[in-house]
Amino acid sequence: MTKTADGSEVYWDGDHYDAFNQPYEDDLAFYLAEARKARGPVLELACGTGRLTIPLKKKGIDITGLDYAAPMLARARAKAAVAGVKIDFKAGDARNFRLGRKFKLIFIAFNSMQHFGRRPELEGFFRSVRAHLAPGGRFIFDVFSPDPRYLTRDPEEMLPVAYYDAPGGGGKVLVNETYSYDKMAQTSRIVWHYRSEKTGKTVKKSLNLRCFFPEELQALLHYNGFRALRRYGDFKRRPFGEASMKQVVVCAPVL
Ligand SMILES: C[S@@+](CC[C@H](N)C(=O)[O-])C[C@H]1O[C@@H](n2cnc3c(N)ncnc32)[C@H](O)[C@@H]1O
């Protein structure tokens, strides 16, 4: 599968994904602390290549991962084997899943919830999460806080976003980005242009990220049976505010 359900193509290759995101681990200590607090099984939705799943498992967390994209799961399974950990990585759609068991913590990290754009998709997602939460369970996610300066970017403008070593010794890859904001769908339409310095070839891949404005997010949680217990602006647990780039939300289901 080369596209996720929302049309995003950037998960076409787990090796490239990891090489691109290599230094990023700002969220690891936060999710590890929350997983420890849960004192029970943990489910990571949209787990990708196991960037968080594998280190959490290595720290003793009983964790299951679920993702839509076969190339991401293939990479996750290969990395888990190398790391010597056994993780049940499941292929599935977070917008509608049934695993036949419950979890003390369900989380979806790194803006992945922004792949669920339309109301029925979000309703299916929240319904599935609720159905898999054990009593006293928590649901945690992080998404961007939309920044009006970003949304009004010139769609012709190309900005560099990454420069990494291609997997398998393929030389350097420079990634430039174009951005346009789809006002009707409240969705950032991003294209990443991957240019291989070795071959001179450029490959283009789309990335769609639905924007969640803070008050809208609160309403969505409310009408889908969740209560925000804590709302942070970053992974250091600073309170969410005007200057926050992220919305990191710890929720409980309303019974
Ligand atoms: C930004 S990546 C995050 C991956 C991983 N959680 C991480 O932090 O590195 C987004 C992930 O969402 C997954 N995804 C997108 N739509 C999905 C869906 N409908 N169900 C499950 N996973 C989905 C993609 O395949 C991709 O692995």
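Counting convention: from 1, in listed order, for ligands and their atoms alike. These values consider heavy atoms only, across backbone and side chains, with no hydrogens, waters or symmetry-generated copies.
Ring geometry for Phe139 versus Phe141: interplanar angle of 30 to 60°, hence tilted. Using cut-offs of 30° and 60° for the angle between ring planes, the Tyr24 and Phe110 rings count as parallel. Note: Tyr11 and His115 have perpendicular aromatic rings, judged against thresholds of 30 and 60 degrees for the angle between ring planes. Below 30°, between 30° and 60°, or above 60°: for Tyr164 and Phe20 the angle between ring planes is between 30° and 60°, a tilted geometry.
Look at Asn111 and you'll find every heavy atom at least 4.0 Å from all atoms of ligand 1. At least one heavy atom of Phe116 sits closer than 4.0 Å to an atom of ligand 1. Residue contacts with ligand 1: Gly50 is excluded, as none of its non-hydrogen atoms falls under 4.0 Å. Heavy atoms of Phe97 come nearer than 4.0 angstrom to ligand 1 in no pair at all.
For atom 15 (C) of ligand 1, the closest non-hydrogen atom of the protein is Thr4 CG2, 3.5 Å. With respect to atom 20 (N) of ligand 1, the closest heavy atom belonging to the protein is Ala94 N, 2.9 Å. Here the heavy atom of the protein found nearest to atom 8 (O) of ligand 1 is Arg51 NH2, 2.9 Å. Looking only at protein heavy atoms, the nearest one to atom 26 (C) of ligand 1 is Asp67 OD2, 3.6 Å. Ranking the protein heavy atoms by distance from atom 9 (O) of ligand 1 puts Tyr17 OH, 2.7 Å first. What sits closest to atom 12 (O) of ligand 1 on the protein, heavy atoms only, is Ala46 CB, 3.3 Å.
Of all non-hydrogen atoms in Asn208 and Asp6, the two that sit nearest each other are ND2-O, 2.9 Å. Across every non-hydrogen atom of Gln247 and Phe144, the tightest pair is NE2-O, 3.1 Å.
Each of the following atoms of ligand 1 lies closer than 4.0 Å to a heavy atom of Gly92: 20 (N), 21 (C). Using a 4.0 Å cut-off to heavy atoms of Ala69, the atoms of ligand 1 that qualify are 25 (O). Each of the following atoms of ligand 1 lies closer than 4.0 Å to a heavy atom of Arg95: 19 (N). With ligand atoms numbered from 1 in the order given, ligand 1 contributes 1 (C), 7 (C), 8 (O), 9 (O) to contacts under 4.0 Å with heavy atoms of Phe110. Listed by number with element, the atoms of ligand 1 under 4.0 Å from a non-hydrogen atom of Met72 are 27 (O).
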Step by step, work out the salt bridge (charged side-chain N to carboxylate O under 4.0 Å, His left out) result for Asp93 and Arg95. CA-CA 5 Å; Asp93 189 338; Arg95 300 167 309 163; 2.5 Å; yes
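Cation-pi contact between Arg130 and Phe126: absent, since separation from the ring centre below 6.0 Å together with deviation from the ring axis within 45° is not met. In this structure, Lys246 fails the cation-pi test against Tyr232, since its NZ or CZ atom is not both closer than 6.0 Å to the six-membered ring centre and inside 45 degrees of the ring normal.
Residue Glu44 has at least one nitrogen or oxygen atom sitting less than 3.5 Å from a nitrogen or oxygen atom of ligand 1, judged on distance alone. In terms of polar-atom proximity, Asp93 is counted as a contact of ligand 1, with an N or O under 3.5 Å from an N or O of the ligand. Between His115 and ligand 1, not a single N/O pair is under 3.5 Å apart.
Not one N or O on the side chain of Ser180 forms a donor-acceptor pair closer than 3.5 Å with the backbone of Pro155.
With rounding to the nearest 0.5 Å, the separation of NZ in Lys205 from NZ in Lys3 is 10.0 Å.
Within the 4.5 Å cutoff, the side chain of Phe107 has heavy atoms near those of the Leu52 side chain.
Evaluated by nearest non-hydrogen atom to atom 10 (C) of ligand 1, the leading choice among Pro71, Cys47, Ser112 is Ser112. The option from Tyr11, Tyr68, Phe125 that lies nearest to atom 18 (C) of ligand 1, judged by heavy atoms, is Tyr68.
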